[in-house]
Structures are given as structure tokens and as C-alpha cells.
Amino acid sequence: NGLENGVRKNFTGWATNSGFIWGRRTTMAYRGFKPGRWIQFYNEDVPVIREKVAGLDKLAPRNSLGGWRGGNNVVRKNKTGAFSLFGDYPEYQSIQIVTISKGRHINEIDIRENRKIAVIGQNVQDVLFEKGEDPIGDYIRIQGVYFKVVGIFRSERTGEQGSRDEQTIYLPFTTFQQAFKFGNRIGWFGFTVKEGFKAAEVEEGIKKVLMNIHDVHPDDVGALGSENLEKEFGQIIGLFAGISLFNWIVGIGTLLAGMIGVSNIMLIIVKERTKEIGIRKSIGATPLSIVSLIIQESVVLTAIAGYSGLVLGTFLMEGVRFAMNKFGMNDGMFRDPGIDLNIALLAFIILIVCGALAGLIPAHKAAKISPIEAIRQE
């Protein structure tokens, strides 16, 4: 559970029905073009993709300066910082979801009017502004161009990834192209798909349209790079389904081993109490009552041991969770370990059933004991 919680947290803030497509170099000659040509996207590609690709929901062209690691000089008064800069459409907010802690995000009017506005991450505010200072309405300078801060956001993720997200500045896509002389170039596309469609299908459709627009050979699959979050998320879900199945197999195997142990113990108990069972039968105890007695004892024995183990395991997991929170170890790939209550109760029920089954053979043996032979036995 701790590993699954950590991995799932990495997908927080991202639409799991989304993907990305970017250009690479061609490896095959086609329509008079030699191999080795770099595929560059343009604004004119956007309406063609939207028209021809079925199942496409949101299409978000993007540009960047400095990539994810930053490297751009952003200045505000006497303070500077290196941050990641992205030119985005409002549609991108459906792909990477952030929490606006103050102000607003980019909107359609910003795009239409080429407004010089910026939405900054929390870490950007911490570096460029004094503590308690309100960035909203103030200006930052990016490569000599001034942008007005209209919003501050926090990442949905935590730890190193969340910190990286918050070292980002979002600018209107059209303003970005104009301010940094990108012309009509597009760096890459983000997209989401409509309900009932698969991201892989839409991804393939976008690729086919782009390959046709930019004269790429249909078999030159390496000319366009892509990433499919739906596929990755599905693989993660499948992985943990497999781990869960393995856990159940091991767990049930352990319970069966315990059941055999309990059954052996009950056989010894029946042998030690042979005389007592004989006396009970001689004064009128029925075989059914003897069977019930042995099975009840087996169930009680199993339940007490199982419940004790369950409580001990729960306390151990809570102790680990407390220690991880106390020492700041809950932001990585392993977080919030614990025991699911429903699974714990189901395991306890299986344990009781196993206890009852473990007592069947000893109970059957006890019920067949002859009273006269049992009383004679020393």
C-alpha cells in the first residue's frame, strides 16, 4: 500500500487520459526530402488536427525556454532566479492541474490580446519576492520583457517533483511567441481525449495527421516522439493488481499452513482428552455436540491468534507511518503505509473459516470415539 500510494501520488495533478507529441529527426527520405530533417510544428497545424482527429478533447500547443530545469534569467528589482518558462493555452490546465493559491490562471482573453501576464509557482514567489510581499499586480522581467504577475499556483504533487513544478512560470502562448521571437513555431502538443476513446488511438491519429502535413514517411515512426499517460497509468494499475494477487496467494498459503498447524494441535488435544470425550458420550452427549465442541475450540484458538496478529500488524504499520511523517520521509516513492480495513476484515473472516475447517478432521475423529474404550484408556 505504501508503494502504491507513492506511485499514485506521482500521477496527482495530471490527467490520466492525456499525452504529449513532439518532433524529432526523420530517418527516411520521403517526397523529395532527405533523412535527418528536424520536424518543426507550426500554428497552422492546430486547426487541421482538431478537424481530422476523432476523439480529441483538448489540444494544447506548448513552447518553452529552459525546459524543465530552468536556466533563464528572471529579474525582479535586485533579485534574479532561473526558472522554467512555458507558453501555454488555457487548455493545458486540463492536462496538468495546479491549485491557484492567489489570483488567476491564463484565460482566452490573454491569448487573444497577447497580454504580457505571468502565472508563477510558489517557489518563484519565494525567490523573487520578500516574505509577506504580494506579487499580484507586480512585474517581473524575463529576457528584457516585463510581465505582470496575475496568479500564484501550487503543485498538486509533493516532494522533489512538486518543488520542480513550482519553479515554473506560465505565459500566454501567443505572447510567448511574440516576446521571444518564436514566430509561429510550436515546441510540442499536449492533448486529452473524450470519454469513450483511448489515448493511444488519439495519439496515433494526431501522429498520422502531423506526418502527412510535414511530409514524413508513414513508416518513419521515430520522426515523432510521444508519451501516453493513460498507457503509463494503466501499466501501473496492472502492476499493482499483480502485486495484490501475489499478496493474496502468499497470504492464503500462509493461512492454509496455519490451518494445518491448528489441525495437528487439535488432533493432539483430542487424543489427550479421549477419556473426557468418552465420559461425555457415556452420559448422553451426541456426536454432533462433540463435533461442535472441537470446532468451536478450533475457531476460538484461531480467532484469538489471528486477531492478535492483526492488531500487532496494524500497530506496527501505524508506527512506521508516524515515523515517516515525523522525520519527513513521506514525500518519496513510498508513503502512508497501512492496512486496508476491508482487506483486514476479509482476512480475519477467512481465518475464522480456516479455523473451522482445521477442526473438522479432529472433530470427526472425536465423534467416532467409543465411550467404553475411551473410559478404559489410561
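Ion pairing between Lys102 and Asp134 holds under the 4.0 Å rule for side-chain N and carboxylate O. A salt bridge links Arg104 and Asp110; the closest N-O separation between the charged side-chain nitrogens and carboxylate oxygens is under 4.0 Å. The pair Lys198-Glu201 does not meet the salt-bridge criterion, since no charged nitrogen lies less than 4.0 angstrom from a carboxylate oxygen. Classification of Arg62 and Glu91 as a salt-bridged pair fails, no side-chain N sitting under 4.0 Å from a carboxylate O. For Glu130 and Lys79, the salt-bridge test passes: some basic side-chain N is under 4.0 Å from an acidic carboxylate O. Between Arg112 and Glu108 there is no salt bridge, since no side-chain N of the basic residue sits under 4.0 Å from a carboxylate O of the acidic one. Between Lys207 and Glu203, at least one side-chain nitrogen of the basic residue sits less than 4.0 Å from a carboxylate oxygen of the acidic one, meeting the salt-bridge criterion.
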Show the numbers, then the answer: is there a side chain to side chain contact (heavy atoms under 4.5 Å, CB included) between Ser64 and Leu85? CA-CA 5 Å; Ser64 72; Leu85 305 173; over 6 Å; no
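Taking the ring centre of Phe182 as origin, the terminal cationic atom of Arg185 falls inside the region bounded by 6.0 Å and 45° from the ring axis.
Using a 30° and 60° split on the angle between ring planes, Phe86 and Tyr170 fall in the tilted class, from 30° to 60°. Using cut-offs of 30° and 60° for the angle between ring planes, the His214 and Phe41 rings count as tilted.
Gln177 and Asn43 share a donor-acceptor pair across their side chains, judged by distance under 3.5 Å alone.
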